[in-house]
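All chains are named by letter (A, B, ...) in the order of the sequence lines, taking the proteins before the strands, and each is independently numbered beginning at 1.
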2 protein chains.
Amino acid sequence: MMHFEELINTIKERRKMLRVTQESLAELSGVGLRTLKQFESGKGNPTLLTLQKLADVLGLEVCLKLKNVSRSK
Amino acid sequence: MMHFEELINTIKERRKMLRVTQESLAELSGVGLRTLKQFESGKGNPTLLTLQKLADVLGLEVCLKLKNVSRSK
DNA sequence: TCAAATAGAGCAATATAATGCACTATTTTA
DNA sequence: TAAAATAGTGCATTATATTGCTCTATTTGA
């Protein structure tokens, strides 16, 4: 899924920016380390709850925004 | 989960604004009708893929944004 | 450079999301 | 206000997300 990557990168970059390891983020968020590893490495299709838990610790939140309609793509 | 509701409402309202029934949205998105019903009725914890499929048809996209840090809440 | 820290993956068990079917409840509309 | 359309739920099955354990690969820093 093309759009997954954007979310993955946001999480990954944000985590690194905050200098948090996968292990720490897993603990802090209550998400299993294995689950986080899978998500960040592009395997996996997390549940909304899992994504929210991760985002929350990183000071992010999941949202829905209008797609850019006028793209010539 | 408090924050789920916001996402649910966004989906639900957007769907209604576009005058699309659950049945249509389910078909168009490729998500099972049962799954959509559960999500909109507040039961359920959809996978990111499911959420994206629904959002996509409605002209929305899942994103991560910075949380409002300075809230006295 | 090489040892420690961090990240990724195989395997297997368990929890739960996704789904369809059939039915009920609610809403819409003629 | 009654019929039709739309939305919500119980039950059961299947698919798959989550998890821990263990091991390997990669990255980092002294």
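- Looking only at side-chain heavy atoms (C-beta outward), A/Q52 and B/L7 come within less than 4.5 Å of each other.
- At a threshold of 4.5 Å between non-hydrogen side-chain atoms, the residues A/F39 and A/L51 count as touching.
- Contacts between residues 11-27 of chain A and DNA chain D, defined by a heavy-atom separation below 4.0 Å, involve no residue at all.
- A distance-only check finds a donor-acceptor pair linking the side chain of B/K67 to the backbone of A/D56 [under 3.5 Å].
- Partners of B/N45 by side chain to side chain contact (heavy atoms under 4.5 Å, CB included), not counting sequence neighbours, listed by chain and number: A/T47, A/L48, A/L49, B/F4.
- Residue pairs meeting the salt bridge (Lys or Arg N to Asp or Glu O under 4.0 Å) criterion with at least one member in residues 14-40 of chain B, sequence neighbours excluded, are B/R15-B/E40.
- Extent of DNA chain C lying under 4.0 Å from chain A heavy atoms, first and last nucleotide in 5' to 3' order, is C/dT6 to C/dA17.
- Put simply, A/L64 and B/M17 are part of two different groups of oily side chains (I, L, V, M, F, W, Y) that touch within less than 4.5 Å, one to the next.
- Residues passing the side-chain hydrogen bond (donor to acceptor under 3.5 Å, both in side chains) test with A/S24, sequence neighbours excluded: A/T21.
- A/S29 places a side-chain N or O within donor-acceptor distance of the main-chain N or O of A/L25, the cut-off being under 3.5 Å.
- Not one N or O on the side chain of A/T50 forms a donor-acceptor pair closer than 3.5 Å with the backbone of A/P46.
- Put simply, the side chain of B/K65 does not reach to within 4.5 Å of the side chain of A/L60, judged on heavy atoms.
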Go along nucleotides 9-28 of chain D 5' to 3' and tag each nucleotide: B for a protein heavy atom under 4.0 Å from its base, S when only backbone or sugar atoms are that close, - otherwise. BBB-----SSBBB-------
